[in-house]
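Chain letters run A, B, ... following the sequence lines, proteins first, then strands; residues in each count from 1.
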Amino acid sequence: MTRAVYDPKEIEPKWQRLWADEHTWEVTNEPDERPKSYVLEMLPYPSGEPHIGHLKVYSVGDAIAHFRRRNGYRVLHPLGYDAFGLPAENHAIRTGQHPRESTEASIAEFRRQFKSWGISIDWTREFGTHEPRYYRWTQWIFLRLYEQGLAYRSEAAVNWCPKDQTVLANEQVIDGRCERCGSMVESRSLEQWFFGITEYADRLLESLDDIDWPAHVKTMQRNWIGRSEGARVSFRCEELGTDYGVFTTRPDTLFGATFFVMAPEHPDVLRMSDAPEVREYVERALTASAEERGAEDREKTGVALRRTVTNPVNGEELPVFVADYVLAEYGTGAIMAVPAHDERDFQFAQRFDLPVRQVVGGAEELPFSGEGPMMKSGRFDGLHNREAFDQIVDWLASEGKGERAVNYRLRDWLLSRQRYWGCPIPIVHCPNCGEVAVPDDQLPVELPDVEDYAPQGRSPLAAAEDWVRTTCPRCGGEAERETDTMDTFVDSSWYFLRYCDANNEQAPWDREVLARWMPVDQYIGGVEHAILHLMYARFFTKALADLELLDVQEPFEALFTQGMVTRGGAKMSKSKGNVVSPSDYVERYGADTTRCYILYVGHPAEGGDWADEGIEGIHRFLSRLWRAAEEAPEGPDEPEGEPSDLVRKAHWAIDKVTRDLGERLATHTSLAAVIELVNDLYRLREEVDPSHVRFALATAASLVFPFAPHLGSEVYERIAGDRVWEQPWPQADPDLLTHDEIQLIVQLNGKLIDRLMVPASATREELEQHARGSERLASRLDGGQIVKTIVVPGKLVNFVVD
RNA sequence: GCCCGGGUGGCGGAACGGCAGACGCUGUCGACUCAAAAUCGAUUGCCCGAAAGGGCGUGUGGGUUCGAAUCCCACCCCGGGCACCA
């Protein structure tokens, strides 16, 4: 007789078919008494086939989804594809294959593999962001923001590749060079579309306090927004009759200003001086790459403009310089320079031999950015600089020369791309009416087919002349379509809303339906999206809430960021040849084994190292569980008679998994607990009542189900005869979590010397008596005097000897 | 430079201030087998010791405590983020 073997190839398709046939994971949008839980993994970008990060994110998310369902929640767990984007377009440029074809082929492969993993997805809500039925509403949202002035066109400096004649995304600029041709990238000023995310800077900052996100992600967002409090102060140039504002976080150091600096991009630099050396400097600065210009340790450069501005606090005339260490994009593009209290100004002053005047005392050496008493600051001398900050600002305000101000590092979101494979911007340019929005009833503005995807200094869409030529929606005259497409981050900034009402053809969603699901209760994804995607999605949510289109202020109530899986301690990459392809392992060991292994190598928030030997261990564990079910004795699956150690172990495991999975998403220790239970099952199965064996088996199957749904279902059905996903999550009996006897630790000066079994009910005095009776204590004491005894009930007795 | 994480056996990793190393891998030994694989059982931090037993051990140095991997201070190393943001 051949022994039966755990065969995932048989078990897994069987359950997958049943779940599909019975629409098990689908949920309706009808009202329901159960509390809702929206569990969502970050939208995958379909390129090639899924990688190990996808397997991990869905393994985590699915465990949460299953756990919540069995704890009484009605769970929305949808999936779609972030289908627009550069890789498909670059592929098209190389091969001529339409991006839609390559993308849809990838989507088909992703879908096939996701289904082979047995993830509990409501597939009726699936979509790709490249489908007109989706991007119609991306355009619709764009128009709503446009109406609010939150989407606008403006001139901006962008990365420009002189050889390819195209604008590049920041991600396409590698070490200052074009990723495709290797040319040095230049900065060019071009008309671009923006979203006014900076209007929401404060709200984006404040409501971080209301959401359950990892601290480091919140910190990254705070730093990115970069709010600084200070003052705006006017410096007048009498010769030109113009006031120049600066932003400073240190108005208390105004008396220490000894010169004034403008960024090369500042529009008034050449007005101040058009001397050849100034022109040359500005020219060079503008064409320098960010890399060349940005290095902090680089020596400061600049040119004197031979003009002065007046310091509003003391009337001093300060020489004006142009220098590229001042950034045009931040503040006003001009600064007051206080070399005594600013590192960069200090360096510049040293280089150009400018005076350094200390106005805040307490410094050991300059530059000094700490706090202290004011000096050389007229009537503010002696005040603490924090007080002087307020008084100087108030004084300037009363004189009309300054005011309190807040500045942000965050910039508006540049959303236009001169690219083909993206969502068209629904705007028409009319020679008479100017910029005109495409009316809602003409949406979607469909992406036309083109012959050549390569950018030629304009969007490839410009080549689709029939498409570009249109009539103005306002005056009916001849007009042209906007040929830029949207950044793909726009697509992914609202997809979680669409899932709630994915098949609505009248609107992007129904507000009431949305209110039934939003916010996402648990969002899961990689930390690489900590800033861009997560910031943009928060911005969209707030802007749409202001338009009264939805009722939440934050899209993602809780966020979980998974760590990266490595192999041999190194990041997986094709060039290293250490890439793990999920499909290979799913083929070899089955989805359950592969999913469990990735959840077992460490806490999913941390990294984890993939080892082929390790997955064998998990496969062994699942095989043991399966075989134990195969060999299970007949009988009931509720334990009869006195609870055995095995029954107690099962309750211990229930308690452990419930807490580890439910409270801290510790999938690795959850699985370890189930492994322990199965190990005990093998050890004790000959000794205990058959009902106890069956109870332990059913419990193990029930607990392993969120991680290994197919095997969990199979074993549970064999033992208990029911569908495990229809069963409530098991409850640990508190009485069975304790034992009659406990192990008492005996310590001498805090070091372990003995372990004794004593009754759990022992009082403090009894525990001490038991401990004093330890033979090892007697031999170790060796006549020493016990000066103190610490008793920790239920745990230990510590004798302190001098 | 600044801000976060993190340093624990041969490896991945456990451990409310209270038994360091759960669980898995690897290695070693044994059972089954003609043999191997699979499986099952034992063992597996380091040092001394035949054993009983003892000593040492959580990056380094200090501190708090009856007791520290865990808390505090300083330092070293690794990973990540930001980086001329006035």
Q. After noting the C-alpha distance and the side-chain angles of A:R659 and A:D655, does the key distance pass the salt bridge (Lys or Arg N to Asp or Glu O under 4.0 Å) rule?
A. CA-CA 6 Å; A:R659 283 185 295 114; A:D655 181 59; 2.9 Å; yes
Q.
Test salt bridge (Lys or Arg N to Asp or Glu O under 4.0 Å) on A:R386 and A:D252; report intermediate values, then the result.
A. CA-CA 7 Å; A:R386 273 196 311 250; A:D252 49 316; over 6 Å; no
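- Using Watson-Crick or G-U wobble geometry with both donor-acceptor distances under 3.5 Å, B:rG21 finds no partner in any strand shown.
- In terms of position along RNA chain B, the nucleotide closest to A:K656 lies nearer the 5' end than the nucleotide closest to the other residue of the pair A:N749 and A:K656.
- By the 6.0 Å and 45° rule, A:K300 does not stack over the aromatic ring of A:F348.
- Closest contact between the side chain of A:R624 and the listed nucleotides B:rC40, B:rG12, B:rA86 involves B:rC40.
- Looking at which nucleotide of RNA chain B each of A:I531 and A:G226 is closest to, the 5′-most match is held by A:I531.
- For the pair A:S228 and B:rA86, the criterion of a side-chain N or O lying under 4.0 Å from OP1 or OP2 is met.
- B:rC82 is paired with B:rG1 under the Watson-Crick or G-U wobble criterion, all donor-acceptor distances under 3.5 Å.
- The partner of B:rC56 is B:rG45, by the rule that a Watson-Crick or G-U pair needs both atom distances under 3.5 Å.
- Interface remark: the A:Y600 side chain does form a donor-acceptor pair with the B:rC23 base, using a distance-only criterion of under 3.5 Å.
- Within the 4.0 angstrom heavy-atom criterion, only backbone atoms of the sugar-phosphate kind lie near A:I675; the bases stay farther away.
- Nearest nucleotide to the side chain of A:R627, out of B:rG12, B:rC40, B:rC25: B:rC40.
- At a threshold of 4.0 angstrom between heavy atoms, the contacts of A:V792 include nucleobase atoms, whether or not backbone atoms are also involved.
- B:rU39: Watson-Crick or G-U partner is B:rA31, with both key distances under 3.5 Å.
- Under the 90° criterion around 0 for the glycosidic angle, B:rG9 counts as syn.
- A:N798 places a side-chain N or O within donor-acceptor distance of the main-chain N or O of A:G750, the cut-off being under 3.5 Å.
- Look at CZ on A:R659: it is 13 Å from C1' on B:rA15, rounded to the nearest Å.
- Nucleotides B:rC56 and B:rG5, compared at atom C1', are 30 Å apart to the nearest Å.
- Between B:rA86, B:rC4, B:rA22, one nucleotide has an atom nearer to the side chain of A:L327 than all others, and that is B:rA86.
- Contacts of A:Q743 with the nucleic acid, taken as non-hydrogen atoms under 4.0 Å apart, include base atoms.
- If you check B:rC16 for Watson-Crick or wobble pairing at under 3.5 angstrom, you find it has no partner at all.
- Under the 6.0 Å distance and 45° angle rule, A:R624 does not count as a cation-pi partner of A:F621.
- In terms of heavy-atom proximity, A:A611 sits nearest to A:Y597 at N-OH, 3.0 Å.
- Partner of A:W413 under the ring pair (Phe, Tyr, Trp, His ring centres under 6.0 Å) criterion, out of A:Y536, A:W224, A:F194: A:Y536 alone.
- Looking at the side chain of A:N679, the nearest of the listed nucleotides B:rC23, B:rU26, B:rC56 is B:rC23.
- Base pairing analysis places B:rG67 opposite nothing; no Watson-Crick or G-U wobble pair with both distances below 3.5 Å involves it.
- In this entry the distance linking CD of A:E616 with P of B:rA37 reads 13 Å, nearest Å.
- Of the side-chain N and O atoms in A:R222, none sit less than 4.0 angstrom from OP1 or OP2 of B:rC82.
- Of the candidates B:rG41, B:rC23, B:rC66, B:rC66 carries the atom nearest the A:N798 side chain, counting heavy atoms from C-beta on.
- Taking atom CG of A:D324 as the reference point, atom C1' of B:rA86 lies 15 Å away to the nearest angstrom.
- Between B:rC23, B:rA22, B:rG41, one nucleotide has an atom nearer to the side chain of A:T669 than all others, and that is B:rA22.
- Atom-to-atom, CE of A:M336 to P of B:rA86 comes out at 12 Å; the value is rounded to the nearest Å.
- Of the candidates B:rA14, B:rU26, B:rG12, the closest approach to any side-chain atom of A:D609 belongs to B:rG12.
- For B:rC48 and B:rG81, the P atoms lie 45 Å apart once the distance is rounded to whole Å.
- Taking atom CD1 of residue A:I598 and atom P of nucleotide B:rG12, one finds them 16 Å apart after rounding to whole Å.
- Comparing B:rC25, B:rA86, B:rG12 by their closest approach to the side chain of A:V326 singles out B:rA86.
- Looking at heavy-atom distances under 4.0 Å, A:R685 makes no contact with the nucleic acid at all.
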Q.
Show, in sequence, the C-alpha distance, side-chain angles and deciding distance for A:T198 and A:D412, and conclude whether the side chain to side chain donor-acceptor pair (under 3.5 Å) test is met.
A. CA-CA 6 Å; A:T198 51; A:D412 273 349; 2.7 Å; yes
Q: Could you give me the CA-CA distance, side-chain angles and deciding distance for A:E765 and A:Q769, then say whether side chain to side chain donor-acceptor pair (under 3.5 Å) is met?
A: CA-CA 6 Å; A:E765 291 71 29; A:Q769 285 313 309; over 6 Å; no
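- Across all strands shown, A:Q747 has heavy atoms under 4.0 Å from base atoms, whether or not it also approaches the sugar-phosphate.
- Checked against B:rG18, B:rA86, B:rC3, the side chain of A:K795 finds its nearest nucleotide in B:rG18.
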Review item, nucleotides 6-10 of chain B N/O atoms under 3.5 Å of protein N/O:
none

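- Among the protein residues, A:N223 comes within range of no part of the nucleic acid, since none of its heavy atoms lies under 4.0 Å from any strand.
- In this structure, a donor-acceptor pair under 3.5 Å is present between the side chains of A:Y589 and A:E616.
- Each of A:R772, A:H770, A:R764 was scored for a side chain to side chain donor-acceptor pair (under 3.5 Å) with A:E768, with one residue passing: A:R772.
- A:R776 comes within 4.0 angstrom of sugar-phosphate atoms only, judged by non-hydrogen atoms across all strands, and of no base.
- For A:H216 and B:rG79, the NE2 to P distance is 17 Å, given to the nearest whole Å.
- If you take OH of A:Y6 and C1' of B:rA38, they are 16 Å apart, rounded to a whole angstrom.
- Between B:rA14, B:rG24, B:rC84, one nucleotide has an atom nearer to the side chain of A:H668 than all others, and that is B:rA14.
- Comparing the P positions of B:rC32 and B:rU26 gives an interatomic distance of 23 Å, to the nearest angstrom.
- Between B:rG61 and B:rA52, the distance separating the two P atoms is 32 Å to the nearest Å.
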